[in-house]
Amino acid sequence: MGKYFFRERVRFSEVDETGHMTPYALLNNLQDCATFHSEDSGIGMMRNRQLGQAWVITDMQLKILTYPAYNQEISTATWTTKFRGPVGHRYFEITGSDGQLLAAARSEWVFMDLRNQVPMNIPREQEAYGLDPDLDVTVDTGKRKVRPQGTWEEKMSFPAVWEYLDTNGHVNNAQYVRLARNYLPTGWEMHALRAEWKKSALLGDILVPWVQTDGNVVCVKFTDQKDGSVFFICEMTCEKTKE
């Protein structure tokens, strides 16, 4: 089937004080591209919800070469490479109008039975996405797993509020990245992300942030205040952009 494309101009609402797309907006762009792919394949989000099923992301490895700038025309491509049991593999690339690669990502998703809250084998109809097992991203996005080595520093906990939620009533995938970015040192910006979504946070859940820094690598995880289980963990490789 090949790549599915979503084209847009970078909006003012998507940029930060530098005039470039924020990591949060970039993650939302990838999510939007994936959902548009689903809708245009006839197996969209609302249809899956009616059947009591949904795709849930488990991990992503993202490499940002250049952050898109305000008003820049960009094209986001996505494609699926493999289905195995309940697991699907989805890749992404963002390019400028001149064809320059701006960002690329690999991700894994689990197909869930929402009624029983368990993974289920991917139905045959989901093959409407098309599978391209030999089509890979063109840059190295790194290993899948986050392997923190240092000592965690606990930060001030906070509740999951309405504005964090998606249509499943869970904290949205990109919100975790937006929140994690708040723990970067001043003047640092993320250029590579390794992220794992472990457990869905719901409205009112109390998230406890933990941070560790090793050189230009910052790891952040959010745990459940009730039992210490991990909602989300990520590793951000950063560059110092200003003094």
Side-chain angles (χ1 to χ4, degrees), residues 1-15 20-49 53-83 87-112 122 125-139 141 166-168 170-178 181 190-195 197 234:
M1 182 176 179
K3 297 177 179 179
Y4 175 88
F5 290 92
F6 161 53
R7 295 175 175 86
E8 69 154 324
R9 290 163 63 185
V10 178
R11 301 168 178 82
F12 180 75
S13 60
E14 295 178 310
V15 302
H20 291 85
M21 184 178 266
T22 66
Y24 175 57
L26 196 147
L27 263 291
N28 276 329
N29 177 275
L30 301 186
Q31 289 190 141
D32 290 342
C33 187
T35 55
F36 291 150
H37 187 195
S38 298
E39 297 297 339
D40 290 353
S41 299
I43 44 178
M45 177 187 66
M46 297 309 295
R47 183 179 183 280
N48 279 334
R49 284 189 66 188
Q53 56 199 31
W55 285 102
V56 176
I57 193 169
T58 58
D59 64 76
M60 175 179 284
Q61 304 82 50
L62 169 67
K63 177 71 173 179
I64 303 169
L65 305 175
T66 304
Y67 277 95
Y70 167 66
N71 204 37
Q72 182 177 356
E73 293 184 355
I74 61 173
S75 178
T76 305
T78 190
W79 64 98
T80 52
T81 63
K82 182 169 61 175
F83 289 156
V87 179
H89 298 250
R90 177 178 286 281
Y91 293 174
F92 299 90
E93 288 183 338
I94 300 177
T95 55
S97 57
D98 59 357
Q100 177 189 3
L101 181 66
L102 304 176
R106 296 183 177 96
S107 62
E108 285 193 4
W109 302 67
V110 170
F111 202 69
M112 294 289 295
I122 299 166
E125 66 173 13
Q126 296 291 316
E127 294 179 7
Y129 286 119
L131 293 174
D132 294 282
D134 299 321
L135 186 58
D136 201 353
V137 295
T138 53
V139 295
T141 59
D166 60 20
T167 55
N168 292 318
H170 304 155
V171 171
N172 180 266
N173 304 324
Q175 288 284 358
Y176 291 103
V177 178
R178 181 184 69 83
R181 185 187 179 216
M190 178 188 82
H191 282 271
L193 171 73
R194 194 186 337 271
W197 290 263
C234 73

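One-based numbering along the sequence shown.
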Find out whether the Lys NZ or Arg CZ of Arg7 is both under 6.0 angstrom from the six-membered ring centre of Phe5 and within 45° of the ring's axis.
-> yes

Over all atoms of both residues, closest heavy-atom pair of Met21 and Leu26 | SD-CA, 3.6 Å

Does any non-hydrogen side-chain atom of Trp79 lie less than 4.5 Å from one of Glu93?
-> yes

Hey, do the aromatic rings of Tyr67 and His20 have their centres closer than 6.0 Å?
-> no

Search all heavy atoms of Ile57 against all heavy atoms of Trp109 and return the closest pair with its distance.
-> N-CE3, 3.3 Å

Thr81 and Leu131: which non-hydrogen atoms are nearest, and at how many Å?
-> C-CD2, 4.2 Å

Pair Thr80, Arg90: side-chain N/O donor-acceptor within cut-off below 3.5 Å | no

With side chains defined as the heavy atoms from C-beta onward, is the minimum distance between Val177 and Cys234 less than 4.5 Å?
-> no

Does the side chain of Glu39 reach to within under 4.5 Å of the side chain of Met45, using non-hydrogen atoms?
-> yes

Take Val56 and Met112, measure what side chain to side chain contact (heavy atoms under 4.5 Å, CB included) needs, and give me the verdict at the end.
-> CA-CA 7 Å; Val56 176; Met112 294 289 295; 3.6 Å; yes

Note, Glu73 side chain near Val10 side chain (heavy atom, < 4.5 Å) | no

Interatomic distance, Gln31 atom CD to Thr78 atom OG1 [nearest 0.5 angstrom] = 11.5 Å

Does Gln100 offer a backbone N or O that forms a donor-acceptor pair with the side chain of Asp98 under 3.5 Å?
-> yes

Check whether any side-chain heavy atom of Thr138 lies under 4.5 Å from a side-chain heavy atom of Leu101, and answer yes or no.
-> yes

Given side chain to side chain contact (heavy atoms under 4.5 Å, CB included), test Lys3 with Tyr91 step by step and report yes or no.
-> CA-CA 9 Å; Lys3 297 177 179 179; Tyr91 293 174; over 6 Å; no

When rounded to the nearest 0.5 Å, the distance separating CZ of Arg181 from CG of Leu27 is 11.0 Å

Supply the atom-to-atom distance Asn48 CG to Gln53 CD, rounded to the nearest 0.5 angstrom.
-> 4.5 Å

Would a 4.5 Å heavy-atom cut-off, applied to side chains only, mark Leu65 and Leu102 as touching?
-> no

Arg9 charged N/C atom sitting above Tyr70 aromatic ring, 6.0 Å / 45° = no

Can you tell me how far the NZ atom of Lys82 sits from the NE2 atom of His89, to the nearest 0.5 Å?
-> 4.0 Å

Provide the closest heavy-atom pair for Arg47 versus Gly42 in the form atom of the first, atom of the second, distance.
-> CD-O, 3.5 Å

Any donor-acceptor pair under 3.5 Å linking the side chain of His191 with the backbone of Ile64?
-> yes

Go through the steps to decide whether Thr58 and Trp197 satisfy the test side chain to side chain contact (heavy atoms under 4.5 Å, CB included), and finish with yes or no.
-> CA-CA 5 Å; Thr58 58; Trp197 290 263; 5.8 Å; no

Examine distances only and state if a side-chain atom of Thr76 and a backbone atom of Cys33 form a donor-acceptor pair shorter than 3.5 Å.
-> no

Between Asp59 and Gln61, is any side-chain donor less than 3.5 angstrom from a side-chain acceptor?
-> yes

Between Thr141 and Ala104 the two heavy atoms that sit nearest each other are CG2-O, 3.8 Å

If you round to the nearest 0.5 Å, how far is CG of Asn29 from CD of Glu14?
-> 7.0 Å

Taking it one step at a time, do Ile122 and Val87 satisfy side chain to side chain contact (heavy atoms under 4.5 Å, CB included)?
-> CA-CA 7 Å; Ile122 299 166; Val87 179; 5.6 Å; no

NE2 (His170) and CG (Asn172) are apart, to the nearest 0.5 Å, by 11.5 Å

Side chains of Ser107 and Phe92: closer than 4.5 Å at any heavy-atom pair?
-> yes

Does Trp55 have its ring centroid less than 6.0 Å away from the ring centroid of Phe83?
-> yes

Identify the two heavy atoms, one from Leu62 and one from Ala105, that lie closest to each other, and give their separation to 0.1 Å.
-> CD1-CB, 3.9 Å

Would Tyr129 and Ser38 count as having a side-chain donor-acceptor pair, cut-off 3.5 Å?
-> yes

